K.L.:
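Here's a structure for you.
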Amino acid sequence: MLIHSTPLLSLLEGKHLYLDPGTGSIFLQMTIASVLGLAVVIRTRWKQIKKIFINKASNSNGEEEGDD
Amino acid sequence: MISGQLGSSFRDPNGFLFTRDGKLYRQINQGYSAEYCKLSETGLYASLLKAGLLIPHTEVDEPPAEPDIAFKIIKPERLAFISYPYEWSFSELKDAALATLSIQKRALKVGLSLKDASAYNIQFRNGKATLIDTLSFELYQQGEPWVAYKQFCQHFLAPLALMAKTDVHLSQLLRIYIDGVPLELASRLLPLITRLDLGLLTHIHLHAKAQAHYADKNLEPLQNSGRREMNKFAMQGLIDSLVNTIKKLEWKPAGTEWGKYYEITNYSKTAFNHKKELVSDWLARVAPNQVWDLGANNGEFTRLASNQGIVSIAFDIDPAAVEQNYRQMKTVGEQNILPLVLDLTNPSPALGWHNRERESLSLRAPADMVFALALIHHLAISNNVPLPQLADFFYDLGKWLVIEFVPRSDSQVQKLLANRLDIFDHYTREDFEEVFATRFYIRERTNLCESERYLYLMERRPLDVS
């Protein structure tokens, strides 16, 4: 088994890892990554969606909203 | 070992702290030049400085401690006092955690990331939690996980959760576990109901299980997992989740012994004001640079010093009193007072590698001036410490001593003696003065109005006099 071909750890390849990040901790991050990312995206998009509905309801020009 | 290198600064190959001629420097090694330059080029250094989140430094022309690998020497601002996470109250640790995450968020925006998240990288400076390790930043590439996530959870999240949900005194686990509380232990000690909190479930309970599962495993399962990388939203989500989890943790300092101390003390208003007057006068007379108030409770007398701009540390054994003191400090925006938890009968020892990474209380002494107000009877009576030992102890801690003698006839002492044999024949004012005079010059002695208590101003005798 070649460590450097691991998709996970190849991300950290070539880095001078002064601290042991902990294999389990890396694994957990990757596992929850999609959930965490989705939560952030939904939070951002939710405001945009709300804006769309408010605009439709009140028939006025919406404001542009930047990302958080 | 490099000459002058600090006992606490040796693990990072990117650089280290050293002292020379009493001044503190940081050597930055060649391998770190890119990151160091990026810190200022991106404006991160300036923005962190403005927010009070990073210790300022200047670049200097000082010869390196290790010239072969040196890139640059910087001189960080020197802190008035070094404190450690096991000496912090709940909210101090919480603010240190939130400061770390705030720094990480700002760093990520400019392509940098914290490579460690140790609570020992944070110190209190002018009332704010501040990062003191300028070399903590590494280049961040999109897709990477946070390498300091485990350390953050062990140093900050676990002890905070334990303090909030189990017992506030569990911060003392940080004295035993020098790299933070092991997650498996924290998971076991936390009440089951914490598994209903999504943040604690993820970052402590599941995290502990993941750690245990992969502890002795090879990397094959990860190889076949086919997981995607961690994109920027995921990273942001991780940090946000940690922020929210920590913000939700609260501790109400009610119900410990001293919380309501000043409401039930033994002074008339006159005596109390007389005591304040004397302490203020003596502060003006000695003009110390730093004051340590031992048994400070909520800092009422400490503020006589800190309000004059004197750097003051308010030590107390009661986490509730320290917490109250810290909350007041934040509300008012005070910059010269630092409340800390300390048991004088068992003060912070020297810890860490070679017992040189974290300094004992004695090593951080002496202070210019020490307050020992309404304290001595607790040490002499409750803790059976004889007067000569007390004198030696205060001698080590400060150059000047403001000390209150509380006689046996005092109602507080009578309370302490209520259920025990009175073996304290040698605890009299005459004995006290005789013993302390061997170690100190007694410069002032005043009987407090409407009280049997006496207040003293003492100056330490020269060190080589036994």
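Worth knowing before you read on, the calculation uses all heavy atoms, side chains too, and leaves out hydrogens, waters and symmetry mates. Below, chain A is the first sequence line, B the second, and so on; all start at residue 1. Just so you know, these numbers come straight off a predicted model, no measurement behind them.
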K.L.:
What's the spacing between Leu242(B) CG and Leu36(A) CG if we round to 0.5 Å?
P.N.:
8.5 Å
K.L.:
Rounded to the nearest 0.5 Å, how far does CD of Gln151(B) lie from CG of Asp20(A)?
P.N.:
10.0 Å
K.L.:
So which atom in Lys150(B) and which in Pro21(A) form the shortest heavy-atom distance, rounded to 0.1 Å?
P.N.:
CB-O, 3.7 Å
K.L.:
Output yes when a side-chain donor or acceptor of Gln211(B) lies under 3.5 Å from a complementary backbone atom of Gly22(A), and no otherwise.
P.N.:
no
K.L.:
Can you measure from NE2 (His207(B)) to CD (Gln29(A)) and round to the nearest 0.5 angstrom?
P.N.:
7.5 Å
K.L.:
Would you indicate whether Glu184(B), at its atom CD, is surrounded by more than 12 heavy atoms from other residues, nucleotides or ligands within a distance under 6.0 Å?
P.N.:
no
K.L.:
So which atom in Gly143(B) and which in Met30(A) form the shortest heavy-atom distance, rounded to 0.1 Å?
P.N.:
O-CE, 4.4 Å
K.L.:
For the CD atom of Gln236(B) and the OG1 atom of Thr44(A), what is their distance to the nearest 0.5 Å?
P.N.:
6.5 Å
K.L.:
Between Ala33(A) and Ala234(B), which heavy-atom pair has the shortest distance, and what is it?
P.N.:
O-CB, 3.3 Å
K.L.:
Would you mind checking which part of Ser118(B) comes under 4.5 Å of any heavy atom in chain A, side chain (CB onward), backbone (N, CA, C, O), both or neither?
P.N.:
neither
K.L.:
I'd like to check Leu206(B) versus Leu28(A) (side-chain heavy atoms, cut-off strictly below 4.5 Å). Are they in contact?
P.N.:
yes
K.L.:
Kindly check if the number of other-residue, nucleotide or ligand heavy atoms within 6.0 Å of CD1 (Ile178(B)) is above 12?
P.N.:
yes
K.L.:
Check whether Asp240(B) gets within reach of chain A through its side chain, its backbone, both or neither, counting any heavy atom under 4.5 Å.
P.N.:
side chain
K.L.:
Tell me whether Lys38(B) at atom NZ has more than 12 heavy atoms from other residues, nucleotides or ligands lying less than 6.0 Å away.
P.N.:
yes
K.L.:
Going by heavy atoms in the side chains, are Ile26(A) and Tyr214(B) under 4.5 Å from each other?
P.N.:
no
